[in-house]
A.B. asks: 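First the structure, which I've put down as structure tokens, then a few questions once you've had a look.
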Amino acid sequence: MTFSRNQAFRALGITTVAAVLSALPGCHHSLSEAEKADRATLRQALREHAYERATTLAERIVQLHPDENGAWDRLLQAHAGSHDAAGAKATLERWRRAVRQPSAKLDEYTGDFASAGGDAAQALQSWTEALNANGKKLRVLEKVARLQHTQRNWHAENKAWSAVLEIEQNAPARIQRALCGRHLHRWEEAVEDLHRAQLLAPQDPDVIRATKLFDRLAKFLDGVRDLDARLAVAPNDAATITDRALLFLRAGDVEMALEDSEIAGKLAPWAVRPKLFRAMALATLGHPEEGERLGVRRSLRVETLPPEFLQTVSRLDAEISVEQDNAELYVERAWQLNDIEQPRLALAEAENAARLDAQSAGAYAESSYALMKLGRAVEAYERIKRATEIDPNFTTAWQYQGQLEMHGGNFLQAVDSYSRALALNQTAVVLLKREQCYQRLGLLVKAEEDHRMLQDLTARALR
């Protein structure tokens, strides 16, 4: 994990300069007038954010008093102010070697630096050591809670926020524990924390945002609880977890939808619904490129998915879970995905079907549809021709072959393909397309014949 210097020091969470300044006079040595002057100048430099000057002064004080925790503390502050990551890291190591009994701040700062560098394990270890020295250090507990959140350690995060609240009742901690509680599916406790936060700080922006989130969730919470109960009995039921992800998507809780869809995807890598739901959640969270890497177009929205599609693809996911070598199931799922304009997923399904059954005309037809939507017209035409070669009685394949031939300007071949389709099943769409081909070829008599046939067919359909 790579961090810029600015990101590292923003994440450090080191004690504010004001706090350090207030601690400056606390020295256990008899100071000379020169030292007192240096400390006063350091105080002024830190106040004015003159960190290069502050570093020089703090380094001088450290050389004079290497066993003084406060001296190292001030040097570290100077490095932090100037965004000197290498200097800060070296200062931490020197501090630990120089002082026989380092203050708890050293462990806290070590944890800050580790967290900024992406070493969560080291950060937690160091912060835990700081807490062992002072278990009621509110600032460190909050850091632990937030890091546990990034690691998705919900039980540990909940425990850390509870420790914070034992020290001080505040709305931010209540809100964070409420949000954590929903990850644990402790709905009553989460709602109670939300209500407490509303009483403490009703106008706080985080409280208002959480209130809106829980208000949306409330409409779907009965369904979520039902699925929670089913998962208590069968915790690895991927279909049920995916159903719950769908409810969270509809409730607008995309974070929870993402969590469930990721779990379901690992349990059932053959299933399509978790991929779709995960991609939609990622897009809403501002990461559409990650969804596209799953093969899902960023334009997909849960509210645009027809109920019939959701029911059918759920059934197909379930059937494929027990018949993973059934090519026709993949063909049917490819058709469904093509129908909702997801050609990359559809192509993967169709190609998988063709690998399972090289004589599956449906597999080649669906891959043709998908390839055309992906702008790969030459390959699309090769696939549809293969479909009609495998199954000469495949009406819709002949129709689509005619469409691709029209698209390529080959109207004579398109007439032949449409005629093959009409010989199998006479439809208004194909008659109209063949009429247009005859017109482009200048065969107006033939075009008129098709026009009359089309009128007769339409009239019969209206009777």
A.B. asks: Only pairs at least two apart or in different chains count here, so list each ring-ring contact (aromatic ring centres under 6.0 Å, His included) that has a residue in residues 339-378.
C.D. replies: Tyr369-Tyr400

A.B. asks: With a 4.5 Å heavy-atom cut-off, do Arg301 and Thr284 have their side chains touching?
C.D. replies: no

A.B. asks: Test of understanding: with salt bridge (charged side-chain N to carboxylate O under 4.0 Å, His left out), list the residues that count as partners of Arg293, not counting sequence neighbours.
C.D. replies: none

A.B. asks: So do the side chains of Leu431 and Tyr418 get within less than 4.5 Å of each other, counting heavy atoms only?
C.D. replies: no

A.B. asks: Does Gln77 offer a backbone N or O that forms a donor-acceptor pair with the side chain of Tyr51 under 3.5 Å?
C.D. replies: no

A.B. asks: Taking atom CZ of Arg440 as the centre, does the number of heavy atoms from other residues, nucleotides or ligands within less than 6.0 Å exceed 12?
C.D. replies: no

A.B. asks: Between Gln169 and Leu165 (side chain of the first, backbone of the second, donor and acceptor by atom type, cut-off under 3.5 Å), is there such a pair?
C.D. replies: yes

A.B. asks: Check side-chain contact (heavy atoms from CB on, under 4.5 Å) between Glu129 and all other residues, then give those that pass, not counting sequence neighbours.
C.D. replies: Asp107, Gln125

A.B. asks: Applying salt bridge (charged side-chain N to carboxylate O under 4.0 Å, His left out), can you list everything that pairs with Asp228, at least two apart in sequence or on another chain?
C.D. replies: Arg244

A.B. asks: Residues two or more places apart in sequence or in another chain: which of them pass side-chain contact (heavy atoms from CB on, under 4.5 Å) with Glu168?
C.D. replies: Leu138, Asn170

A.B. asks: Which heavy atom of Tyr381 sits nearest to which heavy atom of Gln401, and what is that distance?
C.D. replies: CE1-CG, 3.9 Å

A.B. asks: Can you give me every donor-acceptor pair (side chain of residues 419-426, partner residue at least two apart or in another chain, under 3.5 Å) with its distance?
C.D. replies:
from   : atom 1 : to     : atom 2 : distance (Å)
Ser419 : OG     : Val415 : O      : 2.8
Ser419 : OG     : Arg434 : NH1    : 3.0

A.B. asks: What are the two closest heavy atoms between Val144 and Ala160, and how far apart are they?
C.D. replies: CG1-CB, 4.2 Å

A.B. asks: Does atom NZ (Lys137) have a neighbourhood of more than 12 heavy atoms from anything else shown, all under 6.0 Å?
C.D. replies: yes

A.B. asks: Do Leu300 and Leu305 touch side chain to side chain, with heavy atoms closer than 4.5 Å?
C.D. replies: yes

A.B. asks: Go through the structure and list residues passing side-chain hydrogen bond (donor to acceptor under 3.5 Å, both in side chains) with Gln176, not counting sequence neighbours.
C.D. replies: none

A.B. asks: Can you name the residues that form a salt bridge (charged side-chain N to carboxylate O under 4.0 Å, His left out) with Glu166, not counting sequence neighbours?
C.D. replies: none

A.B. asks: For residues 200-213, please give each side-chain donor-acceptor pair under 3.5 Å, one per line with the distance, not counting sequence neighbours.
C.D. replies:
from   : atom 1 : to     : atom 2 : distance (Å)
Asp204 : OD1    : Asp206 : N      : 2.9
Asp204 : OD1    : Val207 : N      : 3.3
Asp206 : OD1    : Arg209 : NH2    : 2.3
Thr211 : OG1    : Gln198 : NE2    : 3.0
Thr211 : OG1    : Val207 : O      : 2.7

A.B. asks: So, Ser115 and Arg146: side-chain donor and acceptor under 3.5 Å apart, yes or no?
C.D. replies: no

A.B. asks: Go through the structure and list residues passing side-chain hydrogen bond (donor to acceptor under 3.5 Å, both in side chains) with Thr312, not counting sequence neighbours.
C.D. replies: none

A.B. asks: Check whether any side-chain heavy atom of Leu179 sits under 4.5 Å from a side-chain heavy atom of His183, and report yes or no.
C.D. replies: no

A.B. asks: Taking only residues two or more places apart in sequence or in another chain, which ones pass side-chain hydrogen bond (donor to acceptor under 3.5 Å, both in side chains) with Glu290?
C.D. replies: none

A.B. asks: I'd like to check the salt bridge (charged side-chain N to carboxylate O under 4.0 Å, His left out) partners of Arg152; sequence neighbours left out, ordered by chain and number.
C.D. replies: Glu262

A.B. asks: Do other residues, nucleotides or ligands put more than 12 heavy atoms under 6.0 Å from Lys373 NZ?
C.D. replies: yes

